[in-house]
Structure formats: structure tokens, C-alpha cells
Colleague: 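Please read through the structure below; I'll follow up with questions.
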Amino acid sequence: MAAAIPGMSALVSAKARMALPAELTSHPAALSISARGKAGLPRFSGLKIHQQSRKPMGQTLRDSRRGSRVSRRTGEGNGGIVCESQENAVDVPSVTDATWQSLVLKADGPVLVEFWAPWCGPCRILDPVIGELAKQYTGKLSCFKLNTDDSPSIASQYGVRSIPTIMIFNKGEKKDAVIGAVPKTSLESTIQKFL
């Protein structure tokens with residue numbers, strides 16, 4: 001049965017070098033990184049680790065191979081690479097019990113409110129999408145987020161039972177709601193109805 005696997009000679013030599021039982025190394029995915037290339041599987045070259053430089057915090061570097069931008073923060077802890085999308089993300093302002101009336105219910109135009117919580121994985125996935133929408137609809141739509149842990153009374157007042165929930169308000173009235181982490185296009189089509 002093992003003879004039917006392509007690259008078996010590389011697999012056998014990899015097993016001999018690794019000295020693992022056959023049941024652990026019989027599947028190609030169990031090969032070591034160096035043996036993967038010899039078995040005809042794609043190699044993983046890993047991440048390149050660079051010495052921490054003494055450059056100013058937040059400096060933008062260029063990756064010469066791809067021409068992409070990478071930010072390196074060197075002032076905190078041991079430094080590290082920060083994703084470019086984090087630099088471009090729009091921080092959506094928060095609304096609370098104290099500001100709900102003035103920011104949402106008495107707003108002049110349509111308002112999008114994301115009901116979320118910091119421990120909610122889908123909420124964290126949706127956060128950059130809401131930021132993009134806030135940037136895209138600047139001047140046409142106000143966007144806010146409401147932490148349901150900090151303001152549970154507003155969430156229960158509007159019947160929020162699942163997060164993330166995105167609600168559209170216009171002239172102080174709830175007009176529509178979208179529940180769950182949905183694609184940006186779904187949110188755009190919902191928003192377009194109220195512009």
C-alpha cells in the first residue's frame with residue numbers, strides 16, 4: 001500500500017532520519033519541513049526574523065520582494081511586525097447609555113449601530129468592515145458601536161439577543177437589523193435603503 005504514494009523513497013529516507021513509528025509518518029502531511037520538498041510537497045520557508053532595530057516607533061519598512069508595506073513597532077516590548085490593515089482601520093466611535101439619546105436617537109441622518117462585545121469573535125471580525133463602511137459613507141451615515149457588556153439596558157430595549165447585531169436608525173426609529181457577521185455587500189445593500 002505504501003508503494004502507491006508518490007515520492008515514497010524520499011518518504012522512507014525521511015522516516016529513517018526522523019526515527020518515528022510508521023503510523024506517525026505514513027501520511028505526507030506528517031513529514032518534517034525539510035523532507036516535504038523531497039517528497040514533492042510544497043516547502044514552508046517560515047518567517048524571517050530580523051534583529052530589533054533602533055529605528056523610531058511606527059516606522060514603515062518596504063519588503064523588497066513584494067513591494068508591500070510593513071510597520072514595525074520598536075518602542076514596545078520586544079518590537080514586532082504590525083499588519084498594514086491595522087494602520088488603515090478606522091476606529092468606530094462608541095456610544096453608551098449616556099450618549100445614546102444625543103448620538104443615535106436625535107441624529108439628523110441615518111445611524112448604523114453595531115452591538116458587540118470584546119470577547120465575541122465574530123464581532124472582532126466584523127469590526128474592520130464597520131470601519132470601512134464608516135469611512136465609505138462619511139457625511140451620509142453615522143456609525144457607532146455599542147458594547148453590550150457596558151450598556152445591557154439598550155441592548156435589551158431593542159431586543160438584541162445575539163451579537164454582532166447591526167441596526168440602522170433613522171429619525172430616532174429602528175428601521176432595520178442585520179444579525180451575525182455578514183459580508184460587507186449585505187450591509188451596503190441594507191444601508192442603501194436608507195440613504
Colleague: Looking at every non-hydrogen atom in both residues, tell me the closest pair between I166 and G180 and how far apart they are.
Modeller: CD1-O, 4.2 Å
Colleague: Start with the C-alpha gap between V92 and L133, add the side-chain angles, then the distance that decides, and say whether side chain to side chain contact (heavy atoms under 4.5 Å, CB included) holds.
Modeller: CA-CA 10 Å; V92 178; L133 291 170; over 6 Å; no
Colleague: Rounded to the nearest 0.5 Å, what's the gap from SG on C143 to CD on Q136? Could you check?
Modeller: 9.5 Å
Colleague: Specify the closest pair of heavy atoms between S94 and F144, including all atoms of both residues, with the distance to one decimal.
Modeller: O-CD2, 4.4 Å
Colleague: Got a second to check how far F115's CZ is from I163's CD1, nearest 0.5 Å?
Modeller: 11.0 Å
Colleague: Which is it for S189 and I191 under the side chain to side chain contact (heavy atoms under 4.5 Å, CB included) test, yes or no, and what are the steps along the way?
Modeller: CA-CA 5 Å; S189 63; I191 291 168; over 6 Å; no
Colleague: Parallel, tilted or perpendicular, judged at 30° and 60°: which one describes the rings of W100 and F169?
Modeller: perpendicular
Colleague: Quick one: which of L112, D176, V111, V160 gives a side chain to side chain contact (heavy atoms under 4.5 Å, CB included) with M167?
Modeller: V160
Colleague: What distance separates E114 CD from D127 CG, expressed to the nearest 0.5 Å?
Modeller: 6.0 Å
Colleague: Applying side chain to side chain contact (heavy atoms under 4.5 Å, CB included) between P164 and each of I179, V182, L126, report the one that passes.
Modeller: L126
Colleague: Does W116 offer a backbone N or O that forms a donor-acceptor pair with the side chain of T148 under 3.5 Å?
Modeller: yes
Colleague: Would you check if the side chain of T190 reaches a backbone N or O of S186 as a donor-acceptor pair within less than 3.5 Å?
Modeller: yes
Colleague: Side chains of L195 and Y137: closer than 4.5 Å at any heavy-atom pair?
Modeller: yes
Colleague: What's the separation between atom CG in N147 and atom CH2 in W119, rounded to the nearest 0.5 Å?
Modeller: 9.5 Å
Colleague: I would like to know whether D97 and I154 meet side chain to side chain contact (heavy atoms under 4.5 Å, CB included); could you show each step before the answer?
Modeller: CA-CA 7 Å; D97 290 333; I154 294 175; 3.2 Å; yes
Colleague: Between D108 and K171, does any NZ, NE, NH1 or NH2 come within less than 4.0 Å of an OD or OE carboxylate oxygen?
Modeller: no
Colleague: Could you tell me which non-hydrogen atom of Y158 sits nearest to which non-hydrogen atom of K174, and how far apart they are?
Modeller: O-NZ, 4.0 Å
Colleague: Can I168 and V178 be said to form a side chain to side chain contact (heavy atoms under 4.5 Å, CB included), step by step?
Modeller: CA-CA 9 Å; I168 307 284; V178 178; over 6 Å; no
Colleague: Would you say NZ of K140 has more than 12 non-hydrogen atoms from neighbouring residues, nucleotides or ligands within 6.0 angstrom?
Modeller: no
Colleague: As an exercise, state the distance from NZ of K106 to CD of Q101, rounded to the nearest 0.5 Å.
Modeller: 5.0 Å
